[in-house]
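These notes are about the structure you will find just below.
Labels below follow one simple rule: chain letters A, B, ... track the order of the sequence lines, proteins then strands, and each chain is numbered from 1.
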Amino acid sequence: MQGLIEQLLNGIAMGSIYALVTLGLALVYGIMRILHVAHAAVYTVGAYAGLYIFHGTGNLFLAFIGAMVLCAIMGIIIERFLYYPLMKYPPFVPLIGSITVLLAIEEVCRLVAGPYIITFPAKLPFPEAHIGGIFISSTLMAVYCITASVLFILWYITTKTSLGLAMRATSQDISMASATGINSHMIVSITFIIGSAIAAIAGILVGIYYNQVYPTMGTVPAYKTLALIVVGGLGSVPGAVVASLLLGIGETILIGYANIPLPRDALAFIAMIGVLMWRSEGIMGSSR
Amino acid sequence: MGKERDNMFLDVKGLSISYGDIRAVQNVNFYMEKGELISIIGANGAGKTTIINSLMGLVPVQSGTIIFKGQDITKMPAHKRARIGIRIVPERSRVFPRLTVYENLLTGMYGMKNKVSPEKSILQLYEIFPILKERKNQLASTLSGGEQQQLAIARALVSEPELLLVDEVSTGLMPKLTQEVFSVLETLNKEHQLTILLVEQNAFVSLEISTRGYVLETGQCVLEGPATFLMDNTRIKEVYLGH
C-alpha cells in the first residue's frame, strides 16, 4: 500500500511536469491551430539555460528567471519568423517547419553543450514532509507547489483579466477579435511568451528531478505532448492539464507499479488512439 | 457629385480586391457623409461582403484608397480602425461562442476604457436589447440566431462608434425580427446621427431606410443614386425587389 502511494505521488509529479509542457502546446494550438512541436526544443533550451545560469551564479531563482526570459524570447522568434509567415499555407507546412526547428535546436544544444548527459545537482528550497510513514521529498514538494502556482496564475489571467478576455476571444475568432479592437497579433505573441516561459520552468524541474540534462531530452516530450493535447481535446488547456496528470499517474502506476509489460512511453499514444476512436473531441473538449 | 471630397466622412476610391486570381471587387468608388445611412445592394457573390471587410481591415486591398475622416486608413490594421470608431456587425453575427453575453460586450470595449464607461454603455444597450440583459451570464453559443444577431449589433455599438458597417443582418432572421433590427438601425441613425453602411441582399428593406444606395454586380458598381430613385428603377425592381 505504501509503495502504491509513493508511486502515486511520483505519478502526480510526473503528470504535473507533463502539464507544464503540454499547456503551452494547448495554448498555441488554441490560438493559432498549429501543432507547435518545437515547443519541446524551447523546453530543452530552458533546461540548459537554467543549468548554466545555476552553475554560473549558484542562484536557482535567477536560473528560473533567466531561463524563462530566454525561452520567452525564443517563443516570440519562432512565432514571428516561422509560424507567422507560414500561416497562409495548409497546416502541415508550419508543422514541418516546427519539426525542423526542433531537430535544429537539438543539434545546436549538442554542439554547444556536448552530446552527453550533464547533471543538475540543485536542491529546490522546499520543505520535506513525512506523513504517516510516507516521505515526500523537497523536489516533489517543489514540483507540486510550482505547478499549482503556475496553474493558478494562468487560470487567474485567463478568467479574471482583460488580457485573458482578449486571449479567449482571439482563440475563438482571430479576425473578429481584431475587429473588436483587440491587437490579436500581439495577443498571439503574448500567448507564446506565456507558454514558452512555462516550458522553461518545466525544463528546469525535469533537469533537477532526474538530475540530468541532455540534447535530446525534448524528443519524447515533443510527441508525447502532441498525444496529450489530442487526449485533452485540441486547444483545451484544462483538458491538456487533466490528460497530463492522468498520464503521469497512469505511467507510474500501470507500468512502474503494476508492471504491465509495455514501454512506458507507449501509454500516451495508446490513450491517443483510444480517444481518436471513441471520443475524438477529447476528454474535456467540446465540439468546436 | 461635385462635392468637396476632402471633407468627406468616408471616401473610397478605386477599390480593387482579389482572392488569389479571382477579382472580387474592381475599381469601386463611393463616399459617405456624416450621419448618412447608405446601402450597397447586389446578389450573392457580387463583392458586398468583401467591400465591408476591407473597410474594417479584415481583407487586404490590392489597389485604391480608403479615407476615413481625412485619414488614409487603407493599410491600417483592423484593431486600430476599431479604436478610431469603425465597427462591424459581420455576416452570421460571429459572436464569440464560448464567452458569455456580458464578456462578448466587454470585447467590444477592448482598448477603449478611457473613452467610454463600460458599465454605463452596456446598461444603455440592455435597454435597446432587453433579451441580452436576461441572458447576460449565458454563453453566446446558447443564444438563438436572432439573439446572437442582436448581441453582434450590441457588441459593435458598445464603444459608441462613428461608422457602423452592417453585413447581411437579415440573413437567418425571421421577417418580423428583421423589421425590428432595421428599425433599431434606423433609430440609431436618425436620433444618434450614427453613420451606417448596410450591405444587403434584402434590397427592399434596406433601401427603405437608406438615403442613398449603390448597386454592385460581379465586383463592379453598376448604379448609384438616392434610395427612392433606386427603388423606382425598373431594372432594380425586376432583379432585386422581385416586382
Side-chain angles (χ1 to χ4, degrees), chain A residues 26-27 29-33 79-80 84-85 87-90 93 154-191 232-240 281-282 284-288, chain B residues 19-20 52-60 76-100 102-116 118 139-142 148 151-152 154-161 164-165 167:
Chain A
L27 282 171
Y29 187 86
I31 211 154
M32 269 186 136
R33 307 289 184 271
E79 185 261 318
R80 292 274 154 139
Y84 190 66
M87 279 293 276
K88 54 180 179 289
Y89 298 106
V93 177
L154 193 65
W155 169 82
Y156 185 85
I157 292 174
T158 45
T159 58
K160 306 284 172 200
T161 67
S162 76
L163 170 66
L165 181 70
M167 286 172 67
R168 284 182 292 148
T170 305
S171 73
Q172 292 175 33
D173 189 336
I174 192 162
S175 64
M176 256 330 285
S178 307
T180 59
I182 294 166
N183 184 350
S184 49
H185 192 186
M186 197 180 77
I187 297 295
V188 170
S189 297
I190 291 173
T191 305
L234 279 169
S236 161
V237 175
E281 73 274 24
M284 303 269 286
S286 54
S287 49
R288 48 162 71 233
Chain B
Y19 298 114
I52 229 164
N53 284 341
S54 76
L55 294 177
M56 191 67 241
L58 300 177
V59 295
M76 185 186 273
H79 70 276
K80 288 197 179 147
R81 299 191 203 200
R83 291 180 192 185
I84 60 169
I86 304 176
R87 294 284 166 155
I88 188 169
V89 180
E91 196 174 2
R92 283 187 293 277
S93 75
R94 282 174 69 181
V95 292
F96 299 111
R98 279 166 289 119
L99 297 186
T100 65
Y102 181 73
E103 286 174 329
N104 264 280
L105 294 175
L106 282 183
T107 63
M109 323 263 310
Y110 196 82
M112 310 286 292
K113 294 219 171 60
N114 299 329
K115 292 171 196 160
V116 195
L139 291 185
S141 58
T142 65
Q148 291 192 10
L151 178 56
R155 178 181 64 184
L157 290 176
V158 72
S159 64
E160 296 172 13
L164 188 66
L165 309 168
D167 191 2

Polar side chain donor-acceptor pair, A:Arg80 to A:Ser189, under 3.5 angstrom: yes

A:Tyr84, OH atom: more than 12 neighbouring heavy atoms under 6.0 Å: no

Toward chain A, the part of B:Arg81 with a non-hydrogen atom under 4.5 Å: neither

B:Arg155 to B:Phe96, cation-pi by 6.0 Å centre distance and 45° axis angle: yes

Side-chain H-bond candidate by donor/acceptor type, B:Arg98 with A:Ser171, under 3.5 Å: no

Interface moiety of B:Pro97 toward chain A, non-hydrogen atoms closer than 4.5 Å: both

Contact origin within B:Leu99 toward chain A - heavy atom pairs under 4.5 Å: both

